[in-house]
A.B. asks: 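If you scroll down you'll find the structure; I have some questions about it.
Atoms within each ligand, like the ligands themselves, are counted from 1 in listed order.
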Amino acid sequence: MTTPFPSATIVGYPRIGAQRELKRAVEGFWAGRLDETELTEVARDLRLASYRRLAELGLTEDASIPASFSFYDQVLDTTWLLGALPPRFEGAAGLAGYFLLARGEGGTAPLEMTKWFNTNYHYLVPEIGPDTPISLAHTTPVDLFVEAREAGLVVRPQLVGPLTYLLLSKPAVEGYRPLDRLDEVTSVYAELLVRLAEAGAPWVQLDEPGLTSDNLGLSSAEIAGLAERVYQRLGSVAGRPQLLVTTPYGEATEGLAALAQTPVEAIHADLVHGQAPAPLADKTLVAGLISGRNIWRADLEAKLAWLQAQPGAVSVATSTSLQHVPYSVAGEEWDHPHLKSWLAFAEEKVAEVVTLARGRNGEDISAELAAASQALATRAADAGVKVPAIRQRTASLQPADREREDYSIRQAAQAEKLQLPLLPTTTIGSFPQTGEIRQARAAHARGELSTADYEDRLRQEIRDVIHLQEKLDIDVLVHGEPERNDMVQYFAELLDGFEVTKNGWVQSYGSRCTRPSILWGDVSRPEPMTVRWSTYAQSVTDRPVKGMLTGPVTILAWSFVRDDLALGEVADQVGLALRDEVSDLEAAGIGVIQVDEPALRELLPLRREDQDAYLEWSVGSFRVATSGVEAQTQIHTHLCYSEFGDVIDAIDALGADVTSLEAARSHMEVLPALEATGFSRQIGPGIYDIHSPRVPEVSELSELLSEAVAAVPADRLWVNPDCGLKTRTYAQVEPSLHNMVAAAKEVRAHQ
Ligand code: GLN
Ligand code: ZN
């Protein structure tokens with residue numbers, strides 16, 4: 001007898017622990033406070049507790065709970081499972097070996113990290129070449145299934161699918177195509193599926209989000225063709241479990257059609273970001289109706305109506321894994337009387353899924369529907385959700401509001417005003433956030449340190465940072481951002497239309513979590529946000545101090561954003577709030593202002609056809625924020641990731657006078673590409689890689705700088721680190737910046 005696909009399920013669940021227990025345990029293991037056995041036990045307890053909680057929330061059918069777990073990252077887990085280790089990790093074993101791939105050690109560089117689809121989750125990029133070993137090196141998915149079964153639960157093993165795994169891999173040797181190993185990888189999955197069936201797993205889930213992108217080097221049709229090949233093959237494995245293939249994060253039209261041709265028993269479609277496939281004759285459609293990406297309570301009435309209109313076998317699910325949302329709204333409190341009722345975090349989303357499945361089964365869910373509709377109604381009518389004055393302001397934006405004078409005029413005015421040397425030196429904004437500063441902020445938050453004392457402490461820190469930069473002979477100084485807990489949350493706390501959470505952590509990568517803010521209403525700025533810190537810094541030095549803001553796209557990307565207004569309009573609201581801040585900084589005598597957009601690429605749609613519209617509104621909002629100033633005020637921006645290819649025209653279109661970029665690790669690779677687009681303004685390619693604790697030698701830095709000078713005329717180059725310094729220590733930063741300035745002087749002397 002086969003187990004039918006459960007009527008309610010989720011694509012995945014957070015695994016870091018509701019109180020970040022796994023984070024603490026993993027970090028404890030790294031620090032030597034826990035040994036491998038202890039860490040393994042913490043992880044097992046967490047997994048079982050999480051399954052039990054999900055069963056309590058209503059996922060009671062066999063195979064309805066995915067065995068979502070990872071000590072670090074699901075793609076790394078796949079690399080580990082396949083034993084696909086690059087030669088530098090040869091011999092890596094046990095949990096220490098697994099973490100070595102993620103974190104590196106001494107001369108062994110870790111795997112590269114990059115963003116998972118259009119999310120702020122980062123995965124570790126597999127390196128696949130012709131000689132990479134590929135075999136079933138571990139049986140972890142089987143072990144997790146057995147562990148749960150022994151505790152009385154039939155869970156659903158969850159794996160990154162073979163196609164997505166290779167689509168996300170990078171060639172281990174130049175010019176190689178990792179997909180050339182697809183048949184071998186598929187064979188390992190075939191072997192694993194048999195083992196899982198032998199262990200008793202009725203269903204196995206294979207995640208193929210690669211089917212929603214045409215931005216991974218292949219067209220959608222090519223990817224669909226490969227999907228058909230893989231799942232024909234896996235579908236024909238004798239003695240296998242039943243298969244669910246998921247396609248989270250977007251539209252997978254061609255991929256869904258291809259999967260429909262294969263023997264897999266259940267196909268998931270992301271119905272929040274994409275569309276349902278044509279009716280599936282002999283399979284279950286796993287309908288991703290509840291967003292795994294956002295935190296708004298769903299319109300259950302509309303979703304139930306859709307479900308009731310579907311013929312055939314349909315199960316209710318989330319659009320993506322819930323790993324992108326916090327655990328529960330239960331412990332949160334806000335002053336706003338209704339906000340909490342508008343939200344659904346992971347636990348509340350599971351309840352929504354279960355409710356809809358009950359409705360589809362004909363049970364009475366009228367009370368739940370009424371509660372959801374009531375919440376939606378208070379939200380739609382809320383005074384902060386729609387503020388006429390803010391709507392008017394965005395509606396009356398004119399093209400001229402996004403334009404400055406010609407760059408040549410600006411450039412001359414700024415040169416005259418700032419009087420900077422050739423190859424001016426600067427930093428990206430933050431200086432190390434010392435333990436004392438964090439403690440002072442925490443004490444202030446607890447009410448143990450008065451605001452006056454806390455602010456004195458911040459001013460002292462700013463003074464020290466300014467004096468250090470003067471001593472290091474840096475040309476354009478920063479105040480160091482000691483007042484900021486986080487580059488988005490700081491602004492969210494000061495802008496209207498936002499709330500922040502107490503415990504709304506989501507995994508960003510490995511043991512790192514972030515706490516996205518909630519952008520729920522129309523955004524405005526009740527009062528200046530950064531002016532007093534920047535002007536204080538400027539008051540203690542004669543050198544120019546750079547004002548420091550986070551740009552509209554990054555504020556949106558790192559928050560949970562309302563789903564009831566076009567993103568472009570939300571971005572313009574944030575852009576206008578920042579425009580006022582920029583003007584206030586300028587009026588207060590700050591002549592250089594940086595608006596960071598490190599997330600510009602992250603929100604780039606997965607499908608090329610949607611990218612132009614995105615780039616138009618994202619660039620447009622940046623220009624709103626930065627175009628309200630005089631020609632002599634210099635606007636900087638900062639972008640930090642290494643794959644600039646898809647957004648290179650957008651970088652130009654931002655129109656910043658100076659753009660600093662991450663470039664040290666990629667050896668200035670971006671510069672020729674940028675120059676080829678006709679980019680004609682100033683660039684600061686990072687020469688000091690702040691992601692490493694190493695202090696770079698003057699010779700390395702001047703070599704990188706010479707490479708930059710070979711690609712870009714020296715009079716358009718700045719000298720700076722790759723990114724902010726807040727995660728480093730002063731012991732690392734001081735000598736590194738010293739060497740950076742020395743390198744600038746050396747190269748300057750040869751011009
Ligand atoms: N100004 C920010 C800082 O220096 C920029 C951080 C970032 O690019 N992620 O910390
Ligand atoms: Zn950066």
Side-chain angles (χ1 to χ4, degrees), residues 113-115 120 122 425-434 437-438 441 461-462 465-466 468-469 474 476-492 508-509 512 514-517 529-530 533-534 537 545-559 578 581-582 585 590 592-603 622 625-626 635-644 647 651 654 656 658-666 670 683-692 718 720-730 732-733 736-737 740:
M113 189 166 70
T114 196
K115 279 170 184 159
N120 188 29
H122 302 65
T425 51
T426 191
T427 60
I428 305 303
S430 57
F431 266 69
Q433 284 251 341
T434 58
I437 284 293
R438 285 178 211 276
R441 183 164 32 252
E461 187 79 8
I462 290 172
V465 166
I466 291 286
L468 173 63
Q469 294 170 89
I474 292 176
V476 173
L477 313 191
V478 296
H479 76 286
E481 305 178 19
E483 77 286 12
R484 303 189 191 173
N485 40 11
D486 171 277
M487 66 184 289
V488 171
Q489 187 176 329
Y490 177 76
F491 292 96
S508 165
Y509 66 88
R512 285 284 202 111
T514 61
R515 204 154 33 111
S517 305
M529 305 181 284
T530 64
W533 305 117
S534 294
V545 169
K546 184 160 66 163
M548 207 52 65
L549 302 172
T550 302
V553 181
T554 300
I555 290 185
L556 263 55
W558 295 349
S559 302
L578 291 168
E581 186 74 12
V582 168
L585 282 166
I590 303 298
V592 182
I593 300 167
Q594 177 171 312
V595 180
D596 292 327
E597 282 293 21
L600 182 66
R601 192 185 178 289
E602 182 177 317
L603 288 192
F622 180 89
T626 54
I635 298 289
H636 288 221
T637 190
H638 167 69
L639 308 165
C640 56
Y641 32 80
S642 40
E643 333 82 65
F644 292 102
V647 291
I651 295 175
L654 293 175
V658 182
T659 304
S660 66
L661 301 159
E662 177 173 324
R665 278 181 297 181
S666 57
V670 54
I683 315 176
I687 60 168
Y688 157 28
D689 172 8
I690 65 92
H691 299 91
S692 159
W718 284 64
N720 46 259
D722 253 351
C723 195
L725 304 169
K726 66 170 165 255
T727 56
R728 298 267 70 93
T729 64
Y730 274 103
Q732 296 156 353
V733 160
S736 300
L737 290 179
M740 184 187 89

A.B. asks: Quick check for you: to the nearest 0.5 Å, what is the distance between Thr530 atom OG1 and Met548 atom CE?
C.D. replies: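 Thr530 OG1 to Met548 CE: 9.5 Å, rounded to 0.5 Å.
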A.B. asks: Keeping the roles fixed (side chain from Gln469, backbone from Val465), state whether a donor-acceptor pair exists under 3.5 Å.
C.D. replies: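 Yes, because the side chain of Gln469 sits within donor-acceptor range (under 3.5 Å) of the backbone of Val465.
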A.B. asks: So if I count the atoms of ligand 1 from 1 in the order they appear, which ones are less than 4.0 Å from some heavy atom of Glu481?
C.D. replies: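 Under 4.0 Å from Glu481, ligand 1 has these atoms: 1 (N), 2 (C), 3 (C), 4 (O), 10 (O).
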A.B. asks: How far is atom 3 (C) of ligand 1 from the closest protein heavy atom, and which atom is that?
C.D. replies: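 I find the closest protein heavy atom is Ser430 OG, 3.3 Å.
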A.B. asks: Would Trp558 count as a polar contact of ligand 1, with the cut-off being nitrogen or oxygen pairs under 3.5 Å?
C.D. replies: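 Looking only at distances, the answer is no, because the N/O contact criterion of under 3.5 Å is not met.
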A.B. asks: Which is it for Cys723 and ligand 1 at heavy atoms under 4.0 Å: side chain, backbone, both or neither?
C.D. replies: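 Under 4.0 Å from ligand 1, Cys723 contributes side-chain atoms alone.
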A.B. asks: Just which atoms of ligand 1 are under 4.0 Å from any heavy atom in Gly724?
C.D. replies: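 Near Gly724, meaning under 4.0 Å from one of its heavy atoms, ligand 1 has 3 (C), 4 (O), 10 (O).
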A.B. asks: Cys640 heavy atoms, cut-off 4.0 Å: which ligand 1 atoms fall inside?
C.D. replies: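 Per the distance check, 7 (C), 8 (O), 9 (N).
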A.B. asks: Is there at least one pair of N or O atoms, one from Asp596 and one from ligand 1, spaced under 3.5 Å apart?
C.D. replies: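 So ligand 1 has an N or O lying under 3.5 Å from an N or O of Asp596.
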A.B. asks: What are the atoms of ligand 1, with element, lying closer than 4.0 Å to any heavy atom of Gly429?
C.D. replies: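 Those qualifying, in numeric order: 4 (O).
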A.B. asks: Tell me whether Met487 has any N or O atom under 3.5 angstrom from an N or O of ligand 1.
C.D. replies: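 No, no N or O pair falls under 3.5 Å.
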A.B. asks: Look at the side chain of Ser430 and the backbone N and O of Lys726, then say whether any donor-acceptor pair between them is shorter than 3.5 Å.
C.D. replies: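 Checking the backbone N and O of Lys726 against the side chain of Ser430, a donor-acceptor pair under 3.5 Å is found.
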A.B. asks: Would you find a donor on one side and an acceptor on the other, under 3.5 Å apart, between the side chain of Thr626 and the backbone of Phe622?
C.D. replies: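 At least one qualifying donor-acceptor pair exists.
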A.B. asks: Verify the distance criterion only: is there a donor paired with an acceptor across the side chains of Trp558 and Glu602 at less than 3.5 Å?
C.D. replies: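 Side chains of Trp558 and Glu602: pair found under 3.5 Å.
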A.B. asks: The Zn ion (ligand 2) as vertex, arms to SG of Cys723 and SG of Cys640: angle to 10°?
C.D. replies: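 With the Zn ion (ligand 2) as the vertex, the angle is close to 110°.
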A.B. asks: Any idea which atoms of ligand 1 are less than 4.0 Å away from a heavy-atom of His638?
C.D. replies: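 Numbered from 1, ligand 1 contributes 8 (O).
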A.B. asks: Without hydrogens or angle criteria, can the side chains of Glu597 and Thr637 be said to hold a donor-acceptor pair below 3.5 Å?
C.D. replies: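 On atom types as modelled, these side chains do not qualify, holding no pair under 3.5 Å.
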A.B. asks: Please identify which atoms of ligand 1 are closer than 4.0 Å to at least one heavy atom of Lys726.
C.D. replies: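 Heavy-atom distances to Lys726 below 4.0 Å select 10 (O).
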A.B. asks: Keeping Arg441 on the side-chain end and Pro482 on the backbone end, is there a donor-acceptor pair under 3.5 Å?
C.D. replies: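 Answer holds: yes.
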A.B. asks: Checking His122 side chain against Asn120 main chain: does a donor-acceptor pair fall under 3.5 Å?
C.D. replies: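 Side chain of His122 to backbone of Asn120, a donor-acceptor pair under 3.5 Å: yes, one is there.
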